Number of protein chains: 2
Amino acid sequence: MKINKEDITVFVIDDEYVIRDSLTLLIEGTGLTVKSFDSAISFLDQLNTSIPACIVGDIRMPYMDGLELQEQLVIKKCDMPIIFMSGHADISISATAFRAGAVDFIEKPFEPKFLLQRLNECVEKIILDWPETQEKNRLNECYSHLTPREKEVFLLTVNNHSNKQAAKKLGISNRTVDVHRAHTMEKMQADSLNTLIIMAVKMGLL
Amino acid sequence: MKINKEDITVFVIDDEYVIRDSLTLLIEGTGLTVKSFDSAISFLDQLNTSIPACIVGDIRMPYMDGLELQEQLVIKKCDMPIIFMSGHADISISATAFRAGAVDFIEKPFEPKFLLQRLNECVEKIILDWPETQEKNRLNECYSHLTPREKEVFLLTVNNHSNKQAAKKLGISNRTVDVHRAHTMEKMQADSLNTLIIMAVKMGLL
DNA sequence: TAAAGTATTCGCATAATTACCTAGGTATGA
DNA sequence: TCATACCTAGGTAATTATGCGAATACTTTA
């Protein structure tokens with residue numbers, strides 16, 4: 001499922017309303033959707049991790065700074081790319097941000113064009129990665145609907161156990177394992193064992 | 001195949017011999033092996049991409065600077081991690097380096113302890129990733145020994161074709177596909193179809 | 001040039017796996 | 001208590017995989 005620039009939301013987070021407003025105008029001018037927040041906390045409150053989006057935020061903010069925001073996103077398993085801005089440039093801080101996964105770091109003040117160019121690179125990457133991201137989301141959604149026993153069977157299956165071996169390991173009949181696996185494949189919408197294994201790999205289970 | 005700190009080489013690249021020598025002493029003191037170079041060019045000349053190593057280098061050097069070195073490594077498909085140092089700190093340059101894949105960026109002058117700590121993080125990651133890196137190398141080696149037909153069968157197999165389907169697609173009997181696949185599995189040292197698929201994923205074929 | 005080796009191709013028979021139909025026992029919650 | 005979901009299992013038919021044997025063509029080497 002491909003997406004376009006128009007489908008991407010840019011979350012602008014800055015405690016200064018002047019910056020928020022001008023950034024919003026600037027970015028909206030390129031066709032992107034913008035939602036702005038005056039703090040990382042209010043942003044996190046409404047966070048929906050399942051839409052294609054990225055963040056443009058100040059690294060230095062009251063209550064919760066950019067690095068703390070990053071930590072929260074990691075905790076929420078949200079890999080939304082972040083572009084940081086900072087008026088108090090410091091290599092040490094920028095290095096920390098990058099090591100924590102920031103995709104870019106821009107010094108204030110900056111040329112509008114400069115930000116737009118960086119933002120565009122980021123957006124292009126989101127568009128490119130989105131199909132895979134979606135697939136992962138779908139797989140995890142399917143996986144969450146498996147019963148505990150089905151998950152056990154699933155893991156044994158993709159870890160190279162024939163149903164007979166799995167049955168022995170679980171102490172149940174091989175027929176029962178078949179049933180669980182059949183259910184698993186149905187729920188995961190896998191048309192074959194191979195597909196199931198590939199799914200497991202994509203979900204990081206292998 | 002696990003490795004230890006002692007198995008890792010740190011390539012120190014700096015045009016100032018004072019820095020090279022003091023860094024060498026400093027880093028060797030932690031048990032790591034150090035090889036130093038006065039330019040990126042002399043480093044690239046002797047580069048062996050198949051050993052566990054990382055680079056500690058100045059970003060600003062005559063002839064070839066750190067960013068160009070990074071480009072060269074990408075061209076050589078060498079993913080050796082780089083820690084940059086710079087005495088002329090500039091967020092813009094550090095951001096460029098990070099976006100190009102640098103793992104760290106340190107401002108000169110720095111506390112020896114500071115560098116060692118960052119270097120250690122880097123080394124720990126290398127140790128952690130090494131088994132997987134080795135496995136990838138092994139798989140690619142095995143894969144290169146497959147005959148053209150075997151590669152075809154391999155790709156069809158891991159892409160969810162039963163041997164019957166693959167046979168139809170290739171216009172040959174299903175028995176022949178079986179033979180090719182058996183050979184493939186032997187050459188790849190895969191004990192099952194599952195393993196073969198996992199290998200394909202690891203090699204980035206899926 | 002002849003021999004050796006490798007790659008590619010199959011058939012047949014057997015073993016293993018999977019699909020499908022059916023169905024009972026056990027929790028958990030409305 | 002009834003409904004729902006989960007775990008369990010046997011038997012048979014169909015599909016698939018595997019082991020053994022062997023022919024043809026092309027490349028390399030002695």
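Given the structure is predicted, the values throughout are model-derived calculations rather than measurements. Every chain is numbered from 1, with letters handed out A, B, ... down the list of sequences.
Judged as a salt bridge (Lys or Arg N to Asp or Glu O under 4.0 Å), and not counting sequence neighbours, the contacts of A/D104 are A/R118, B/R99. Contacts of B/F98 classified as ring pair (Phe, Tyr, Trp, His ring centres under 6.0 Å), with partners at least two apart in sequence or in another chain: A/F98. Evaluation of the ring pair (Phe, Tyr, Trp, His ring centres under 6.0 Å) rule for A/F154 yields A/Y143 as partners, not counting sequence neighbours. The salt bridge (Lys or Arg N to Asp or Glu O under 4.0 Å) check on B/R149 picks up B/E152, with sequence neighbours excluded. In this structure, the side-chain hydrogen bond (donor to acceptor under 3.5 Å, both in side chains) partners of A/N120, at least two apart in sequence or on a different chain, are A/K5. Annotation: salt bridge (Lys or Arg N to Asp or Glu O under 4.0 Å) contacts of B/K187 (sequence neighbours excluded): B/E150.
For the helix from C/dT1-D/dA30 to C/dA30-D/dT1, the end axes, each set by the C1' atoms of five terminal pairs, are bent relative to each other by 40° (nearest 10°).
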(request) Would you mind building the protein contact string for nucleotides 7-18 of chain C? One character per nucleotide, 5' to 3', B for base within reach (heavy atoms under 4.0 Å), S for sugar-phosphate only, - for untouched. (result) SSBBBB----SS

(request) Mark up nucleotides 25-30 of chain C, 5' to 3', with B wherever a protein heavy atom is under 4.0 angstrom from a base atom, S wherever such an atom reaches only the sugar-phosphate, and - elsewhere. (result) ------

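Whole-Å rounding puts the A/F154 CZ to D/dC6 C1' distance at 19 Å. Across the protein-nucleic acid pair, A/K151 atom NZ and D/dC7 atom P stand 11 Å apart, rounded to whole Å.
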Output a table of donor-acceptor pairs, distance under 3.5 Å, between side-chain atoms of residues 68-80 of chain B and any protein atom two or more places apart or on a different chain; print 'none' if there are none.
unit_1, atom_1, unit_2, atom_2, d
B/E68, OE1, B/D65, N, 2.9
B/Q70, NE2, B/A97, O, 3.2
B/Q70, NE2, B/A100, O, 3.4

With a cut-off of 3.5 Å and sequence neighbours excluded, list every side-chain donor-acceptor pair involving residues 195-206 of chain B.
unit_1, atom_1, unit_2, atom_2, d
B/T195, OG1, A/N160, ND2, 3.0
B/T195, OG1, B/D191, OD1, 2.6
B/T195, OG1, B/S192, OG, 3.0

Side-chain donor-acceptor pairs of residues 17-27 of chain B under 3.5 Å, sequence neighbours excluded:
unit_1, atom_1, unit_2, atom_2, d
B/R20, NH1, B/D14, O, 2.7
B/S22, OG, B/V18, O, 3.0
B/S22, OG, B/I19, O, 3.1
B/T24, OG1, B/R20, O, 2.7

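To the nearest 0.5 Å, the span separating OG on B/S173 from NZ on B/K168 amounts to 14.5 Å.
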